[in-house]
Each structure stands twice: as C-alpha cells, then as structure tokens.
Amino acid sequence: MAFISSGYNPDKPMVNRITDIGPKYYEEFYPPVIKKNKGKWLYHEILEPGICVHVAESGDELYVLRVGGCRIMSVSHIREINEIADKHCDGYLRFTTRNNIEFMVDSKDKVEPLKNDLLSRKQPGGCYKFPLGGTGAGITNIVHTQGWIHCHTPATDASGTVKATMDVLFDQFTDMKLPAKLRVSMACCLNMCGAVHCSDIAILGYHRKPPMLDHEYLDKMCEIPLAVAACPTAAIKPAKVEVNGQQVKSVSVKAERCMFCGNCYTMCPSMPLADTEGDGIVLMAGGKISNRISAPKFSKVVVAFIENEMPRWPTMTKAIKKMVDTYAGDANKYERFGDWAERIGWEKFYEKTGLEFTHHLIDDFRDPAYYTWRQTTNFKFTNAIK
Ligand code: HEM
Ligand code: HEM
Ligand code: SF4
Ligand code: SF4
C-alpha cells in the first residue's frame, strides 16, 4: 500500500508533538448506572455462572455478564464486541483483570436477550466467541503472555498452551462446582510476566540446555559485565577467545553451574538458548494472592518437565486436569489449591494426584533452600515417594 502520512513531519519530529497526556479518565466510560451509584453499592449476588447482579443503596441494579476473552484479538473481534455493546448496553463494556469481557445492563429484562445473543455467536471453526462464565468457585480465564507470537525469550507458546488447557477445563469455566476459585496462569519463560508465581496452577516455559555462545559478535552486541552479572548462579565469566585467528573478548559458561534460566540471553543477544527438544513446560501449583483465611502463597514446582507437544500439549493438559479433578474431589469448601495441599501434606498431594516426585523438585537455590526441607519427624507414609 502506498504511504499515507498521519500529518507527522519526519523533518521536524518535535513540531506539534503531543506527549505525557496519560490515559483517558475512566469515568468518561462509565455506564450511567455505575456513574450514579459509584461507591454506594450494597451487595452483589452471582445469579448463575457468568452473571452477577450488584444492588445499590438507591435500589438500582446492575447486571453483569462475563464472557471469556482470548486476550489476543483482532480489530474485527473488538468491533463485534462493540456491536454487542451498542445493541444491548448503550455502547458500554469493560475488560477484567483476567482479560474476560463484561457486558453490563441496568435491568433484568435485558439479561436474557444479551445472554442468548452472546451464546449464539461462534467462530467458523465451532468455538464459542463469547462463552459465559468465569465467576465464583470455578476456573476463569488463564492469565498469559506472548509466547511464539511476539517474544524472543520464550521456551514454549502462550496462546497455544492456553487454548489447549481452556478446552480441557471448559466445563469449570461455565460452572461453579469447585471448593474455591482456581486460578490458572501461564508464562512462556521464567521472567514470569504475569501471575505464574502466585497461581493455584501455573504453566511455565522451561529450557534444559545452556546458552550457545556467538563469540564472533558477543563483544560487539553485548555489554559483557551485564551478561556476567545477569547470571543467578555465577556460571558466566569474561573470557578471551580466538575467532578466525583473532583474539576477541567474550564470555565462557560453566555448563554444570548453568540452570538454563535464559537471563544472560535477555541481556546479551549473542547467548541464545532456545532448543526444540530441550525446551518444554514446568507445572507449578498452590499459589494465591488473596489474604482470605491464609496468607498469600507462592506456587511450588510440582512437575519438573513436560515436552512441548504442539499444537495441543496433551501430556500437559492431562496433568493439569488430573490436579484439578483430585483437588475438586478432595478439598474442603473455601479451600484454595495451596490450602488443600498444605493441609494434607505435599507427600499426600503426590500420592493423590499420582504425579511423580523427582529430585528436580527439591530446592537447591542458596541458603533459603534449607527452609524448604523437612526439619521435623512429622510426615505421613505414602506410596508416592519411593
Ligand atoms: C567510568 C565510567 C562509567 C561508569 C562507572 C558507568 C556505570 C554504569 C552503571 C552503574 C550502569 C547501570 C548498570 C545497570 O543498572 O544495570 C551503566 C549503564 C550503562 N552505561 Fe555506563 N558507565 C560508565 C561509562 C559509560 C560510557 C562511556 C558509556 C557509553 C559510551 C556508557 C553507557 C552505558 C549504557 C548504554 C548503559 C545502560 C545499559 C543498559 O541499560 O542495558 N557507560 N553504566
Ligand atoms: C540493533 C541494535 C540495538 C538493539 C537491538 C538494542 C536493544 C535494546 C534493548 C532491548 C534495550 C532494553 C530496553 C528496556 O529494557 O527497556 C535497550 C536499551 C538501551 N539501548 Fe539499545 N539497542 C540497540 C542499539 C543501541 C545503540 C546503538 C545505542 C546507543 C548508541 C543504544 C542505547 C541504549 C540505551 C542507552 C538503552 C537504555 C535505555 C534506558 O534504559 O532508558 N542501543 N536497547
Ligand atoms: S514470560 Fe518470558 S518469554 Fe514470555 S512474554 Fe514474558 S519475557 Fe517473553
Ligand atoms: S542461562 Fe541463566 S544460569 Fe545459565 S549461564 Fe545464562 S544466566 Fe547463567
């Protein structure tokens, strides 16, 4: 397509430049019933999966229909969302902190037509465009990252693993039959963009091979001390290397010390480590961020490695389903995944889920590792740990 100027003048880049204007003020986009009753809500109820009602002091009601969002979406999909909002909600809508979409109406008689409209819309391949759900004690959207769609450091894909997992957990999205809400998150490398370190179940991309070293370009591409200082296990040191008969500055990596975090590649483009066979997935479990009953918890590694099996990751989704089903059948009401695992003991967690306990799961990172070992004779005999 021929170039079309927006009016920006590349010869005078600072002329007519608008900057530091910040985001739009959120009140500009409030539905009238929200604007009127802001800060004066009395109570709310979940009427059915995906549909909540909020009642204000004034007696006003706000019905909210929550539908799954795929997060990465086209402009045409957003236009369809707008079309629905125009038709049923006076043009108003919102996105949640887990990238679901919420359509809001101010009276009960508007709920059914909106619900029917949402559920009638499908992709050509058959998937729901706007599945209703994500409320209460079920499984809502998976917070996830860029994967192979856009990032340069991933060890797995985000959108693919998330679609495969939500297909397997779909019944829990549209229902509320778990002991408590169960948050699944996904990050494609251990930068952990998102919430994997604090989720009930987490999918994490993981490497298993040390970085390759592009000695020829390393000193030209990287600030060597930054790469050295990037390494959590001090596996990297500066080195002089001969390339094509010339001595160049570079680094050396002590492979036995490297745990494949990829942090050096983040700092230094000449240390790539992605690998088709080496890369895959770690599963973590038991994290939460709320303060309800127990304090917030980090998630713990429970599956050391699962291969990348594109495009449906069957081994991974099977392990996740097994964890969800075991928790659903065994935990008490209001118990989050981590509350349950800690109450029964992690040795029982492995026995009940049938997950394999391996040496990879034993913390070996610096002094704090010691505090994750068992300094008590209090344990249960299980057949999970041989
Ligand atoms: C005695 C001289 C210098 C000292 C003590 C010094 C110190 C530092 C320090 C402490 C940082 C921050 C590192 C970090 O937070 O990760 C830094 C970053 C940086 N320095 Fe220097 N610096 C010096 C000279 C220079 C020179 C001469 C240049 C450029 C010609 C330079 C370019 C940079 C750049 C580009 C960064 C940012 C790198 C990044 O963010 O990735 N520095 N320097
Ligand atoms: C292909 C060439 C280059 C690439 C791929 C590149 C890439 C990057 C990346 C990834 C960052 C980090 C941004 C962030 O984490 O927020 C960065 C920061 C920076 N780069 Fe480059 N860069 C390139 C060339 C240059 C050159 C030629 C200069 C200077 C002459 C430069 C100066 C800087 C400085 C000063 C920063 C730090 C900015 C800040 O932290 O505020 N870069 N660059
Ligand atoms: S988790 Fe890692 S690979 Fe994924 S988007 Fe963030 S930095 Fe990129
Ligand atoms: S991948 Fe991580 S552990 Fe390995 S050398 Fe790089 S920074 Fe160190």
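By convention here, the first residue in the shown sequence is residue 1. Order of listing sets the numbers, starting from 1, for every ligand and every atom in it. In this text, all values refer to a predicted model and were calculated from it rather than measured experimentally.
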Side chains of [Y] and [X]: any donor to acceptor distance under 3.5 Å?
X: Thr140; Y: Asn100; value: yes
X: His207; Y: Asp275; value: no
X: Ser294; Y: Lys288; value: yes
X: Glu28; Y: Tyr26; value: no
X: Trp340; Y: Asp330; value: yes
X: Glu102; Y: Thr96; value: no

Can you tell me which residue and heavy atom of the protein come closest to [atom], and the distance to 0.1 Å?
atom: atom 7 (S) of ligand 3; answer: Asn191 ND2, 3.2 Å
atom: atom 8 (Fe) of ligand 3; answer: Cys151 SG, 2.3 Å
atom: atom 6 (Fe) of ligand 3; answer: Cys193 SG, 2.3 Å
atom: atom 4 (Fe) of ligand 3; answer: Cys188 SG, 2.3 Å

| message | Quick check on contacts: which atoms of ligand 3 are under 4.0 angstrom from a heavy atom of Gln146? | response |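 By the 4.0 Å cutoff, the relevant atoms are 5 (S).
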| message | Under a 4.0 angstrom heavy-atom cut-off, which atoms of ligand 3 come close to Pro154? | response |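 Selected atoms, number and element: 3 (S).
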| request: Tell me whether the centres of the aromatic rings in His152 and Tyr265 are closer together than 6.0 Å. | output: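 For His152 and Tyr265, the ring centres are under 6.0 Å apart.
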| Would you say the ring centroid of His360 lies under 6.0 angstrom from that of Tyr206? |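 Centroid distance His360-Tyr206: not below 6.0 Å, so no.
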| query | Taking atom 3 (S) of ligand 3 as the point of reference, which of Ile149, Val196, Leu204, Thr153 owns the nearest heavy atom? | reply |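 That would be Thr153.
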| request: Give the atoms of ligand 4, by number and element, whose distance to some non-hydrogen atom of Thr233 is under 4.0 Å. | output: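 Contacts of ligand 4 toward Thr233, numbered from 1: 3 (S).
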| field | Over 12 non-hydrogen atoms of neighbours within 6.0 angstrom of CD in Gln246 | value |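 12 or below, so no.
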| field | Sidechain N-carboxylate O distance under 4.0 Å for Glu347, Lys380 | value |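 Result for this pair is no, no salt bridge flagged.
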| said: Any N/O/S atom, side chain or main chain, of Cys189 closer to atom 2 (Fe) of ligand 3 than 2.8 Å? | reply: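 For Cys189, the answer is yes, given that an N, O or S atom comes within less than 2.8 Å of atom 2 (Fe) of ligand 3.
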| message | Give me the number of protein N, O or S atoms whose distance to atom 6 (Fe) of ligand 4 is under 2.8 Å. | response |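 Atoms of protein N, O or S type lying less than 2.8 Å from atom 6 (Fe) of ligand 4 total 1.
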